Amino acid sequence: MLQSFGTMNCFVSGELPGYAVVKRIRELVQSYGPIKVFRAYLPHIPAKASIRSELQASGVSIVDVPRNGRKDVADKMMIVDVLAYAMDNLATNSTIVMISGDRDFAYAISVLCLRKYQVVVMTLPNAHPSLVAQASATFSWLDHVLGHPKPPHLVTRRRPWTLHQTDKKTARASQNQSP
């Protein structure tokens with residue numbers, strides 16, 4: 001059973017229609033099980049009516065996010081919905097897919113993983129390492145969803161290792177010293 005949630009900070013580009021984005025997401029996560037609920041948390045912007053329509057026609061439930069001068073409204077709504085889902089469903093055979101680049105979700109993802117939920121995160125390349133490290137698996141929003149998807153065996157799994165800036169300098173220095 002698969003529950004998918006997404007916020008507006010992982011945008012849908014104008015060059016790829018909403019139904020194509022939904023199809024790519026479905027293809028990427030189908031190995032985790034059937035999608036039971038697919039929600040997108042979006043502000044009501046009349047100029048984006050066509051993308052909203054394409055998402056809705058593809059089976060995505062649109063959750064309108066009224067900002068009303070408040071910040072992080074979509075994030076709070078999504079966290080509540082994810083935790084409500086977790087309370088109503090057993091961890092066995094449950095995978096939650098979160099589409100966001102916001103590190104505020106790292107704690108919720110960590111708690112869900114501690115309770116044996118599998119949490120897949122689709123995020124931007126500049127996502128905070130704490131968000132990526134907590135996920136059971138990650139997909140790049142730009143590469144896998146909006147670009148050309150990579151085979152599932154190339155998907156980053158739990159606790160990916162990356163070079164830090166100082167490590168890169170050390171690696172380059174050692175390469176320059178080798179014969």
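Nothing here was measured: the structure is a model prediction, and the numbers come from that model.
Trp141 places a side-chain heavy atom less than 4.5 Å from the side chain of Ile99. At least one side-chain heavy atom of Phe38 sits under 4.5 Å from a side-chain heavy atom of Val22. When side chains are defined from C-beta on, Val145 counts as touching Met122, because their heavy atoms get closer than 4.5 Å.
Follow the hydrophobic side-chain contacts under 4.5 Å out from Leu42 and you reach Leu124 in the same cluster. The hydrophobic clustering, which links ILVMFWY residues whose side-chain heavy atoms are closer than 4.5 Å, places Leu131 and Leu83 together. Cluster annotation: Met77 is not connected to Val111 through the hydrophobic network of ILVMFWY side chains, with a link wherever side-chain heavy atoms come within less than 4.5 Å. Val73 and Ile79 fall within the same hydrophobic cluster, where Ile, Leu, Val, Met, Phe, Trp and Tyr residues are linked whenever their side-chain heavy atoms come under 4.5 Å apart, directly or through other members. Hydrophobic clustering (side-chain heavy atoms under 4.5 Å, transitive across Ile, Leu, Val, Met, Phe, Trp, Tyr) groups Leu16 together with Phe139.
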Verdict with reasoning, Arg39 to Val60, per side-chain contact (heavy atoms from CB on, under 4.5 Å): CA-CA 5 Å; Arg39 295 182 187 152; Val60 178; 5.8 Å; no
Full working for side-chain contact (heavy atoms from CB on, under 4.5 Å) between Met98 and Ile109: CA-CA 9 Å; Met98 296 181 73; Ile109 292 169; 3.7 Å; yes
Check against side-chain contact (heavy atoms from CB on, under 4.5 Å), Ile96 and Tyr85: CA-CA 9 Å; Ile96 297 171; Tyr85 172 82; 3.8 Å; yes
Derivation and outcome, side-chain contact (heavy atoms from CB on, under 4.5 Å), residues Tyr107 and Ser130: CA-CA 9 Å; Tyr107 180 70; Ser130 65; over 6 Å; no
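In this structure, OH on Tyr41 lies 11.0 Å from CD1 on Ile62, to the nearest 0.5 angstrom. Taking CZ of Arg52 as the reference point, atom OG of Ser50 lies at 11.0 Å (rounded to 0.5 Å). Here the CD1-CD1 distance, from Ile35 to Ile25, works out to 8.0 Å after rounding to the nearest 0.5 Å.
Between Asp75 and Arg103 no salt bridge is recorded (no basic side-chain N to carboxylate O distance below 4.0 Å).
Contact detail for Ile51 and Pro17: the closest heavy-atom pair is CD1-C, 4.3 Å. The two residues Ser100 and Met78 come nearest to each other via the heavy atoms CB-CE, 4.3 Å. The minimum heavy-atom distance between Ala135 and Val121, with the atom names listed, is CB-CG2, 3.5 Å. Summarising the geometry of Arg26 relative to Ser58, their closest heavy-atom pair is NH1-O, 4.3 Å, with the distance given to 0.1 Å.
Ser110 contributes no side-chain N or O that, together with a main-chain N or O of Ala106, makes up a donor-acceptor pair within less than 3.5 Å. Between the side chain of Glu54 and the backbone N or O of Gly18 there is at least one donor-acceptor pair closer than 3.5 Å. Of the possible polar contacts, one joining the Tyr117 side chain to the Ala86 backbone as a donor-acceptor pair under 3.5 Å is found. The main-chain N or O of Gln118 is never found under 3.5 Å from a side-chain atom of Ser136 such that the two would form a donor-acceptor pair. Between the side chain of Arg24 and the backbone N or O of Leu146 there is at least one donor-acceptor pair closer than 3.5 Å.
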